[in-house]
Amino acid sequence: MAALTEEQTLIRDQARAWVTEQSPVRKFRQMRDEKAPLSFHADDWQAMIDMGWTGILVPEKYGGSELGYLTLGIVLEETGRQLTASPLLASAGIGAAALLVAGSDEQKQRILPGVVDGSNVVTLAVEEGPRHDPRQLSLAAMSRDDGLSLVGEKTMVHEAMAATHFVVAVRTSGHAGDENGMTLVLVDAESEGLTLSPLSTVDSRGYASLSFSDVKVSEEQILGSVNSAYVHLEQILDRARAATAAEMMGTAAQAFDMTLEYLKTRVQFGQVIGSFQALGHRAADLFTEMELTRSCMEGALQAIDAGREDVPELCSLSKTRTGEFIHHMSNELIQIHGGIGMTDEFDAGLYLKRARPLEAAWGNQAFHRDRYARLLGF
Amino acid sequence: MAALTEEQTLIRDQARAWVTEQSPVRKFRQMRDEKAPLSFHADDWQAMIDMGWTGILVPEKYGGSELGYLTLGIVLEETGRQLTASPLLASAGIGAAALLVAGSDEQKQRILPGVVDGSNVVTLAVEEGPRHDPRQLSLAAMSRDDGLSLVGEKTMVHEAMAATHFVVAVRTSGHAGDENGMTLVLVDAESEGLTLSPLSTVDSRGYASLSFSDVKVSEEQILGSVNSAYVHLEQILDRARAATAAEMMGTAAQAFDMTLEYLKTRVQFGQVIGSFQALGHRAADLFTEMELTRSCMEGALQAIDAGREDVPELCSLSKTRTGEFIHHMSNELIQIHGGIGMTDEFDAGLYLKRARPLEAAWGNQAFHRDRYARLLGF
Amino acid sequence: MAEDLTSFRTQVQAWLSEHFPSSLKSNAAGIMEAAFSENGLSADAEQWRQSLADAGYGAPTWPKEYGGAGLSDSQAAVLSGEMANVGAFNPIPGLAGMGVTMVGPTVLEYGSEDQKLRHLPGIASGTVRWCLGLSEPNAGSDLASLTTKAQDDGDTWIVNGQKIWTSGADRSQWCGALVRTDASAKKRDGISFLMLKMDQPGVRTRPIKLIGGASPFCETFFDDARAEKDDLLGPLNNGWSVVKRLLQHERQSQTGAGAPSGSGSAALSIQDLAKKYVGTTESGELADADLRSRLTSHLMATKAHAMTGSRIREEARGKVEVSAAASILKNSATIVAQVRSELTIEMMGNQGLGWEGDDFTPEELATVRGWLSGKAISIYGGSFEVQKNIISKNILGLPETTQKG
Amino acid sequence: MAEDLTSFRTQVQAWLSEHFPSSLKSNAAGIMEAAFSENGLSADAEQWRQSLADAGYGAPTWPKEYGGAGLSDSQAAVLSGEMANVGAFNPIPGLAGMGVTMVGPTVLEYGSEDQKLRHLPGIASGTVRWCLGLSEPNAGSDLASLTTKAQDDGDTWIVNGQKIWTSGADRSQWCGALVRTDASAKKRDGISFLMLKMDQPGVRTRPIKLIGGASPFCETFFDDARAEKDDLLGPLNNGWSVVKRLLQHERQSQTGAGAPSGSGSAALSIQDLAKKYVGTTESGELADADLRSRLTSHLMATKAHAMTGSRIREEARGKVEVSAAASILKNSATIVAQVRSELTIEMMGNQGLGWEGDDFTPEELATVRGWLSGKAISIYGGSFEVQKNIISKNILGLPETTQKG
């Protein structure tokens, strides 16, 4: 764990206590079994707002505390541990980041205070195909008298059913594959012509597809300048990657802790299974991987906070390493638990099912290895 | 081990007995320490000729026994076990294969009986750069009245110091990188303008660089037709790969046996170290890998013998898997032996130093993974 | 010898043309689905089952007196070949649960004449379904530490305890259970193999939901359940040797890499699937070069596994003993199957993350379910770790150490 | 505090300008090479060594009375910074073998006043070279099973046995050896740490040739060798605590991933080296896509390792205890270094297979030798396996089991 300030330590302890007591994994299970329409509990979300978590990224002048990405990561790690469901990552993390990166002062003033007080839920809509590729945008935005008209589809939009606004990456010129010709727009969830279809995914989290059928967007809803949004989009995505990695770290660390506990208590052949050297060595490997991964995850968040130049590399590093670790850890979680780990009533499966969607989000390990190599020039 | 014929079983048993008694690894060590100019012992080579190994691939009408590639592989596996040095693989394996694939009946008649009786040593000269790439040929062959004139370089030519003839892949038209425009020629080792420089490599095996300075080649020395040798070259290389894999299997299997023996005898912390479960599991992993690899290695040789269509895929499979296994096995050989494995007087280092050159020969694992994927169409 | 088979083949062909209802042609899945629905077998299927049973073709290599047809292995191969030719399917092994594949062979080997006559015909006719009660919550890989006990009360055995992973227990009429009959003996001693009826007040089953969804597995609770005195299979307190034989039957059935998860016969190869989801470069290579390398390694491992299976069959041809390499194949098959699932959901991207609904194709959803349920392959039937212990100890001869499953 | 350092810095600068011969500027390698050649240190270098020794700057944090300068850690950092600024190099730790880094700190902690006065000044001045006799042929990772014994004959200790991996033994004047002083005690008891002269009839050394070529390691044979009674360091039969401390010093020195094998400061990065040997596609990517993925994973592991080092330093700032994560760093550093070597020889292809001669560049040859000698990193100083045992037991709190090294 990075050397934390006193405030960060306080926030972490509060977050850990709250998720453990108020929103442990059985609450997520309950939500899943009830098929809650929003895929989260409103009371949990309100508690997070009350604790100030929705304002962690937002400057004070827009009603937030501007404590930064590392602090947000500290909280996301704790919610990740218990799979706590909410729009925290999607809205107060990625949605807020989108406005902070690309919005004008007027736009921030208009939207961010609502993000902080929970009246606005802003989420990013980028993906169109089955695999992450931010250049492959074809959702068409045609010019109209007073703005744009959107026609096309987005998919795997996080927490879309709860959203009041979508930050949508659209194509204002060029073709799918071009870096030029993209624009970011803020679309009201109530817009005419916009249809949401919730997706039932393996992780029981809230996603939806969006269908745009001549959705009108005024000029005030354009974030940044027309046709040149790619640089902003990459910055937003890097923040999404770094924040998602923090949540992944929490989920994987909890899987590690569950496994370690099982190794210490499960008896087979007359001994606790953790005393079998082959398992002890696997636990040591996982611990080593976890510690190395944590450094990458925290380092990326710190780099964003410090405005460093190597943010893109570090975010790809963080997303890759947390992806590799959660992949390996979630498989070992099941394997080491054996038969009990295969049952739905035990929690291990929930962590495994959460792992793959997180790996795929904003680019999987292969995507970011390729990107890292390109950033390093080979 | 594949189901062998009675004759193959006999040959294997004879080969195993001979290498163990007459040319065990300490004889290789002795050769290395003496810096023998040919990198092998003439008496070993003569014994192999006397046992008929040089005729295994050669049809009876050219003086051989034509027992085929699997039989050759059986012998190479045994010589690989003790690192027995000789031109067996280079000449009776690859050199003979080159003539059988590309030579005319007249050329075979002229050369092969000598390969069998040991008066000819024929070796393949393909590589020009640091990495295997049979399309990247630029050794220039210019037309002359009665044949060609060669200018350029070849490197890592196996057993070149003992060779009487080289099968050389040259460029008669086009540019490095083109599949068209290659020709195979048989060059006499005594040719004017040809210079050999022996290379001192980590595996203490015989290699040299060849320098061609206006080396004249008559039309009778051209194997196959001018400009279209690439198909033949690939066939020859596939035979080289499959035969080299058999030797690799032997070297790696011996490393496995040494390791297993050490696990059963070395005592630390009051027990033989093979009783530590983490090491037992690693041994089980290595054994599993070895058995899977053996199937690939034997399968490729059998496919060549049967003239099957999937020879290219199977040779890339065999070379990749034996490469992966010998890589892993040679590292585990050192690691499990600990300090003693690091010393020059123990044999482990000889096997490690042999492993990497074999991996690189005729395309390393990465080369053949790429080729396999291309052959499978993706 | 060849003559015999020819005449047998003719005889089978005639029998099939007489007894196989064409309505059932190439509809194995439909038959079994109906069998386990509320309706049960259709009239045609029921008639076909009875024809098979009458001919002894449900378990054709079993002796005639126990409901089989007394066929040789070669004759049985002819029978199954001819049945495949006309699109016929033998539903009896499926109907009998663990009966034909596991319990029957063990009864044939260890049972008394009376036990064979009482139990085998019901299995061979597909009218009595069996489950197996082996694992317990605290006896998984370490099966020998089981605690379900059977007490002799003079007339019957009284059974108390809990079993887990009893596949099909909720639909079985009989159970073959490992029970402790001597609490004072060492772990592997004092265990017996007991056969008991499931339809009695002392037996209760509860289906287990798995991470991939519904499953055939149950928990089975014995609360003063009763078994007949003469339904003990094999010697008293020596059930361990019976179960070792049972597990051998089980492992043998798990050494193939299996069909691609969630794909019918018309499914694309994994490399074509990859091209479909990931796309290709101008030169036709998979657009994701990193995935391409890993996919290639997987295809090579798959090929190596298949070639090893062929090699072992070739080596073992004519021999009776199961090859020592069987333990290698189990883990190798596991890796092949699990890596294939992981690669498939990776290449499908967002489409490989669906749980249900129309936003995903049936193949995509089946891939996800198959990925989850396939995690069991390395756990059941000799876990990955137990197989490594076996290789290390039995095959490589390394000294025994603390073992973990 | 900042004031103090400023004035100390000025003082060091003045001292350097007075004593550091400009002829030695930026020539650390040359100085050490000469030191171990037949010629020994050049006159300038010898004068510079003496100046360092006189100022106590050879081992600057040691107390003045034992040959140090009594500097604080901050002052020592200033000293080494200023020395680096003028291209100066402190040869004394190299000249003293294991003296400054390992033996000295242990003598400071466990030695009597007499021992400190007798042994430390020679080390701090770089005039007495030390080796360490720890491992034995049958006591590698399991160091506690050593059998070299020391018997008290009243006046002296008589030492018999054999040590292995005694680095620099053939050029050392003194040896710190672990010996068994009570054969009847349990393994880890009955061991003592004894200091003895190497230049005596009972001591014989034999250099060990390693797979990468010549090495600093020796076998050392004690045949009625003698040690003074008052050269026992720490309590009799309690040498195990001394050696645990020694090994801590050793492991701490091995947690960095080290410089790329065979590359000077001007060497290319590994990705540039790859581009040089492998070439690039039109879009500038490494031509071997398979290698590119693995190289990327390696670079990521390297970065993760470096970032973990920084994180631990940051966490530990102000704390005295060595961080528990040190054990992680040892194995992580090992993997980084060994994978880098493997990837480098792979990318060099045929040029990465040379042993000697002009057909290979010095960098290529050094890469091959470094690849071979680097195999030791996972064996010495706490093998890969021992480190995993330590993590599993000491850090994760898993119960002790049979341990292997």
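Within every chain, numbering begins at 1; the chains are lettered A, B, ... in the order of the sequence lines, protein sequences first and strands thereafter. Everything numeric here is computed off the predicted structure, so don't read it as measured data.
- Residues satisfying the side-chain contact (heavy atoms from CB on, under 4.5 Å) test with B:K264, not counting sequence neighbours, are B:L260, C:L398.
- With a threshold of 4.5 angstrom between heavy atoms, B:Q365 does not approach chain D through any atom at all.
- At a heavy-atom cut-off of under 4.5 Å, chain B is reached by D:Y277, D:V278 from residues 272-287 of chain D, listed in order of number.
- Residues passing the side-chain contact (heavy atoms from CB on, under 4.5 Å) test with D:S373: none are found, sequence neighbours excluded.
- Contact of B:R205 with chain D is not made at all, since no heavy-atom distance falls under 4.5 Å.
- Heavy-atom distances place no part of B:H132 under 4.5 Å from chain D, backbone and side chain included.
- B:N364 touches chain D through its side chain: at least one heavy atom from C-beta onward sits under 4.5 Å away, while N, CA, C and O do not.
- Taking non-hydrogen atoms and a 4.5 Å limit, the residue list of residues 344-355 of chain B in contact with chain D, ordered by number, reads B:D344, B:E345, B:G349, B:L352, B:K353.
- Heavy atoms closer than 4.5 Å to chain B are found in both the backbone and the side chain of D:L353.
- At a 4.5 Å heavy-atom cutoff, D:D358 makes no contact with chain B through either its backbone or its side chain.
- Proximity to chain D involves both the backbone and the side chain of B:M342, based on heavy atoms less than 4.5 angstrom apart.
- Interface remark: B:D133 contributes no atoms to any contact with chain D (heavy atom separation under 4.5 Å).
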